[in-house]
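Only one structure is covered here, and it is reproduced in the block below.
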Protein chains: 2
Amino acid sequence: MSDPLDDIDKKILLLLQHNARMPISQISKEISMSQPSVKERIIKLEEKNIIAEYGTALNLRELNRGTTTFILVKTEQCERFVEFCKGAKEVTDLFRISGEYNYLIKVQTATVEELAEFQDALVQLGPSKSHISLKNIFENRIVL
Amino acid sequence: MSDPLDDIDKKILLLLQHNARMPISQISKEISMSQPSVKERIIKLEEKNIIAEYGTALNLRELNRGTTTFILVKTEQCERFVEFCKGAKEVTDLFRISGEYNYLIKVQTATVEELAEFQDALVQLGPSKSHISLKNIFENRIVL
DNA sequence: GTTGAAAAAACAGAGGA
DNA sequence: TCCTCTGTTTTTTCAAC
């Protein structure tokens, strides 16, 4: 684990977190620091692996995947289940968890009907418990 | 909802998904299309709101938040609970869900001890059920 | 959709406080 | 670690096809 971030690093990351394509020049203006210094800090954050990657978040509703469901799964066929999830485009997140259930998956479907079809395929791998998301209040939030 | 994406849009999004800072010039080379055309397509994807935002993914382990836990919560004090979560930096995701429980939250702590402290604060808002992540197999995956 | 060229902007490196 | 200065590269915006 790395040293804690100082306030300038935090400011830079706050800007980059929701706009990874912001030019260095603009970051430089916003935090009142010269471009080379900003660039240097960003490179260090990348090298220290604090910045994992620059990603592009897509709008799932526009992609016709607006229905979010969390499913807890209890299976005895772990390998087969993981392969099933990797091959199912509906599954966006897959975690191995502790407790009564083995796995927690996050599933994005167009509709609840499509969710039902997914569950039909899932049922042969073991019992599961679904929780449809009624509202995404916030997501992927990292408070520095 | 928008029209389905064509293959060129998919290629551009695949490149941007895991490297939002990739220069247009490089995208242009990789997909063998002129820079102005690539730029035009990206602008359209932004305008159609298919690209929601360019984000920066941080390494939670390096930030001393390497322990992931999913908690199902049943509360009768919804407003208070949501405010509690907004104010708790450990909570990275908050969903209102259907079923026996009201909410599903994702919590990032340094250790399980810190998780226990969080649960102590949570207990007064209602019963909950925790699932510690033993392994993050994949996350935020969108297959186009 | 393409190429090509000019203007503007961003970036990279050196040297020094 | 930060700054300024300078040269280079990249992006952007046209035009015409």
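As rounded to whole Å, 13 Å separates atom P of dC2(D) from atom CD1 of Ile43(A). Atom C1' of nucleotide dT1(D) and atom NZ of Lys44(A) are separated by 7 Å, given to the nearest angstrom. As rounded to whole Å, 10 Å separates atom P of dA12(C) from atom CD1 of Ile42(A). Counting to the nearest Å, the P atom of dA10(C) and the CD1 atom of Ile24(B) are 14 Å from each other. We find that CD1 of Ile31(B) is positioned 12 Å from C1' of dG1(C), with the value rounded to whole Å.
Under a cut-off of 6.0 angstrom, the local environment of CZ in Arg96(B) is crowded, with over 12 non-hydrogen atoms contributed by other residues, nucleotides or ligands. Gln124(B) CD: more than 12 foreign heavy atoms inside a 6.0 Å radius.
Listed by first and then second residue, the salt bridge (Lys or Arg N to Asp or Glu O under 4.0 Å) pairs that reach into residues 124-136 of chain B are Glu100(A)-Lys129(B), sequence neighbours excluded.
With salt bridges taken as basic N to acidic carboxylate O contacts below 4.0 Å, none links Glu46(A) and Arg21(B).
Between the side chains of Thr67(B) and Glu114(B), no donor N or O sits under 3.5 Å from an acceptor N or O. A side-chain donor from one of Thr68(A) and Gln108(A) sits under 3.5 Å from a side-chain acceptor of the other. Neither side chain, Thr75(B) nor Gln77(B), offers a donor N or O lying under 3.5 Å from an acceptor on the other.
Residue Leu94(B) belongs to a hydrophobic cluster whose other members are Ile137(A), Phe138(A), Ile71(B), Val73(B), Phe81(B), Val82(B), Phe84(B), Val91(B), Tyr103(B), Ile105(B), Val107(B), Val112(B), Leu115(B), Phe118(B), Leu122(B), Leu125(B), Ile132(B), with links defined by side-chain heavy atoms closer than 4.5 Å.
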Using a cut-off of under 3.5 Å, enumerate the N/O to N/O pairs linking the protein to nucleotides 3-6 of chain D.
unit_1 : atom_1 : unit_2   : atom_2 : d
dC3(D) : OP2    : Ser34(A) : N      : 3.0
dC3(D) : OP2    : Ser34(A) : OG     : 2.6
dC3(D) : OP2    : Ser37(A) : OG     : 2.6

All N/O pairs under 3.5 Å across the protein-nucleotides 15-17 of chain D interface:
none

Could you write out each protein N or O paired with an N or O of nucleotides 15-17 of chain C at a distance under 3.5 Å?
none

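The side chain of Arg41(A) has dC2(D) as its nearest neighbour among dA12(C), dC11(C), dC2(D). Side-chain proximity of Arg21(B) to the nucleotides dT11(D), dT12(D), dC11(C) is greatest for dC11(C).
Within the structure, every side-chain polar atom (N or O) of Lys39(B) is placed at least 4.0 Å from both OP1 and OP2 of dT11(D). For the OP1/OP2 pair of dT9(D) and a distance below 4.0 Å, the side-chain nitrogens and oxygens of Ser25(B) include no atom meeting the criterion.
In this view, Glu53(A) satisfies the salt bridge (Lys or Arg N to Asp or Glu O under 4.0 Å) rule with no residue, not counting sequence neighbours.
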Candidate pair Asn140(B) and Thr92(A), rule side chain to side chain contact (heavy atoms under 4.5 Å, CB included), full reasoning = CA-CA 5 Å; Asn140(B) 288 324; Thr92(A) 61; over 6 Å; no
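Between the side chain of Ser28(A) and the main chain of Met33(A), a donor-acceptor pair closer than 3.5 Å is present.
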